[in-house]
Amino acid sequence: MNKQSDTTTDDTLKEVTRKVSVAIIGAGTAGQNAFRQASKIKDDVVIINEGFWTTTCIVVGCMPSKLLIAAADRAHDANHSAEFGIHATAQIDGKRVMERVRDERSHFASYIKKQVDSWPDHKKIDGRARINEQGLIEVNDELIAAEQIIVATGSSPFIPDGWADKLGDTMLTSDSVFELEDLPKTMAVVGAGAIGLELAQAFTRLGVEVTLLNRAKQVAGLKDDDINNKAMDCLSHELTMHLGSEITDVGTKAEEGNKSAFIKYEDSAGESQQWQGEYVLVATGRRNNIKQLGVENLGVELDDKNRPKNLSKKTGQIGDLNVYIVGDANANIPLLHVASDEGYSAGSMVCENTEAAYIRPPATPFSIVFCSPQIVNVGMSLPEIQKDSELEFVIGSVSFDNQGRSRVMGVNCGLLHIYGCKKTDRILGASMVGPDAEYIGHILATAITNDLSIKDMLDTPFYHPTILEGLRTALRDVQYKMEIPFQSLDAQTDNS
């Protein structure tokens, strides 16, 4: 390391147990990708990890949550088919629901474990790493000198001060909720971001009495007010939400030998309220696991939220240091596909071979919340566009409330906004709540990534009758508002 070469003395070097070209700290998605890429060129690569050697996605994130959502959607469809003339009541076996979540999670994890097991044992160290004042890595009984270090230590759930002590075993996070042996009867979810929203709806559909609280009058971090209001409207049909609430206290009560949790809060009208039930699921975001690592001993500066300064968003490199901070550890965009690309790029950068050092370009910003209806954001947000005084933009819109296929399927609640640039005829970004949003989002992300014009998009076929016809309507609205002539039907709702 640059810092190490300046400060390491001969006495310190005698203590070093291993010298390597590359040390990777953390074996999640970003760390594993970095290890694989660096190992293509460098033979003396080591990866250090504490805890499970799979990924956050598989153990406590994307996959178990989607397994829970899959069960919830089955139950919801069974219980809400009367409008189709189908009457049924789902019998939910909570223990089996949670058992399948863990069984399938183990199935997915087995593939990662098999890959990790194939790596040479001498390149894997199981233990907590710490970077000392000389820029050397201390782990177990080893002292490692690395020419280049890739930090991929991931993130952990953020818990407000004192809550863990006050709530005790009635508190859950996304790291512990999937270990429940059975579905509870009642639950409060604090936080209406992606994690809180998905889990609140899933547990509700599985018969749990859920109350969702959020400090802001906002869901999923939506920054377009119209889309946010529509999302709240669509979700409120089945979710009990107290948005704009300020929590004043949490704790537990013992009544008749049973312990329950409570939350005291002020609602959006300023009235004092209290919730009481079995569990409190804290979904107030995640924070990077970097504070105790000692990266400042490598010359890395952190801001007041422990985010690294001088971060290259392309490679994860910190300034001109031989230090790369990637994935959730850099707190830039904590999404799996971003972590994967950052790990790949960092692993390439530490290779001297120019062909191996291919840097993947930053991905188009793209996020999905897998609630129902789904929520998607692609490209630039509306506030980002509005801040740029040089951008002339229009907003193309389509409602899914009366869109043909959506109504056929009984999923007709939603709104899509596409932000189009008048000067370039290109898509700047989009925000959506609605059916098939994950697929519409992918199409829009592909269009932005490949610099497709609105005309290019409208020249592609949209099969009838599909929910994707709603995308065409919004694109037509963009084109109409930009006053660009086209030889197709005027913008209208696809309700045929």
Side-chain angles (χ1 to χ4, degrees), residues 1-8 16-49 53 55 115-116 118-120 122-125 129-132 134-139 142-154 288-290 293-301 308-332 337-363:
M1 302 300 304
N2 291 345
K3 186 175 178 67
Q4 174 197 320
S5 62
D6 293 337
T7 61
T8 300
V16 170
T17 59
R18 193 188 312 202
K19 294 182 181 180
V20 297
S21 295
V22 184
I24 298 156
I25 305 175
T29 298
Q32 290 190 23
N33 264 14
F35 178 79
R36 284 192 294 268
Q37 194 64 14
S39 295
K40 292 178 181 178
I41 303 299
K42 304 284 187 179
D43 187 56
D44 57 338
V45 179
V46 65
I47 184 166
I48 306 162
N49 187 66
W53 284 73
T55 67
Q115 186 175 76
V116 171
S118 70
W119 298 343
H122 71 279
K123 294 187 177 184
K124 297 178 291 188
I125 300 176
R130 179 186 170 277
I131 299 164
N132 68 19
Q134 286 75 42
L136 302 171
I137 302 170
E138 298 177 356
V139 55
E142 288 209 60
L143 191 62
I144 300 172
E147 294 175 14
Q148 308 197 67
I149 294 178
I150 299 175
V151 176
T153 46
N288 60 345
N289 298 326
I290 204 171
L293 185 59
V295 291
E296 68 277 5
N297 292 321
L298 300 173
V300 177
E301 294 183 52
K309 297 180 180 180
N310 303 316
L311 172 76
S312 168
K313 294 182 180 180
K314 288 184 178 181
T315 65
Q317 187 172 10
I318 306 301
D320 59 358
L321 299 174
N322 291 330
V323 183
Y324 302 78
I325 302 180
V326 295
D328 289 7
N330 65 33
N332 176 31
H337 69 278
V338 176
S340 178
D341 287 346
E342 288 178 352
Y344 181 96
S345 294
S348 296
M349 281 291 290
V350 298
C351 299
E352 295 174 359
N353 184 293
T354 55
E355 291 184 5
Y358 168 72
I359 307 305
R360 292 180 177 175

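Residue numbers count from 1 along this sequence. The figures here come from the full heavy-atom set of this structure, side chains too, leaving out hydrogens, waters and symmetry mates.
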Any heavy-atom pair between the side chains of [Y] and [X] that's under 4.5 Å?
X    : Y    : value
I48  : I144 : yes
I150 : V326 : yes
L298 : I131 : yes
I137 : I25  : yes
L293 : R130 : no
E142 : I125 : yes
I47  : W53  : yes

(message) What I want to check is whether the side chains of S345 and S348 have a donor and an acceptor closer together than 3.5 Å.
(response)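 Side-chain D/A pair, S345 to S348: absent.
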(request) Using only heavy-atom distances, determine whether the side chains of S312 and Q317 contain a donor-acceptor pair under 3.5 Å. (result)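 No pair is found: no donor N or O on one side chain lies under 3.5 Å from an acceptor on the other.
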(request) Please list, chain by chain and in numerical order, all residues satisfying salt bridge (Lys or Arg N to Asp or Glu O under 4.0 Å) with R36, sequence neighbours excluded. (result)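 Partners of R36 under the salt bridge (Lys or Arg N to Asp or Glu O under 4.0 Å) test: none.
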(request) List in chain and number order the residues that pass salt bridge (Lys or Arg N to Asp or Glu O under 4.0 Å) with E301, two or more places apart in sequence or in another chain; answer none if no residue qualifies. (result)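 By the salt bridge (Lys or Arg N to Asp or Glu O under 4.0 Å) rule, E301 matches no residue at all.
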(message) Go through it in stages, so that I can follow the logic: the residues are Q32 and Q115, the test is side chain to side chain contact (heavy atoms under 4.5 Å, CB included), and I'd like the CA-CA distance, side-chain angles, deciding distance and then a yes or no.
(response) CA-CA 10 Å; Q32 290 190 23; Q115 186 175 76; 3.8 Å; yes
Can you tell me if [X] uses its side chain to pair, donor with acceptor, with the backbone of [Y] under 3.5 Å?
X    : Y    : answer
K124 : V116 : yes
K123 : D43  : yes
D328 : G154 : no
T17  : L143 : yes

(message) Just verifying a value: how many Å separate Q148 CD and L321 CG, rounded to the nearest 0.5 Å?
(response)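 CG of L321 is found 11.0 Å from CD of Q148.
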(message) Within this structure, what is the CD-OG1 distance for the pair E342 and T29, rounded to the nearest 0.5 Å?
(response)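 If we round to the nearest 0.5 Å, E342:CD and T29:OG1 are 11.5 Å apart.
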So, for [X] and [Y], which heavy atoms are closest and what is the spacing to 0.1 Å?
X    : Y    : value
H337 : A363 : CD2-CB, 4.3 Å
G327 : A339 : CA-CB, 3.7 Å
S340 : N33  : OG-ND2, 2.7 Å

(message) Whether D341 and K313 form a salt bridge (side-chain N of Lys/Arg under 4.0 Å from carboxylate O of Asp/Glu) is what I want to check.
(response)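 So K313 does not pair with D341 through a salt bridge.
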(request) Apply the test side chain to side chain contact (heavy atoms under 4.5 Å, CB included) to residues N288 and N330: give CA-CA distance (whole Å), side-chain angles for both, the deciding distance (0.1 Å), then the verdict. (result) CA-CA 7 Å; N288 60 345; N330 65 33; over 6 Å; no
(message) By the definition side chain to side chain contact (heavy atoms under 4.5 Å, CB included), identify the one residue from V22, I41, I24 that meets it with V350.
(response)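 Filter result, single survivor: V22.
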(request) Can you spot which of V151, I318, I149, T153 makes a side chain to side chain contact (heavy atoms under 4.5 Å, CB included) with V295? (result)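 So, applying the side chain to side chain contact (heavy atoms under 4.5 Å, CB included) to V295 and each of V151, I318, I149, T153, only V151 qualifies.
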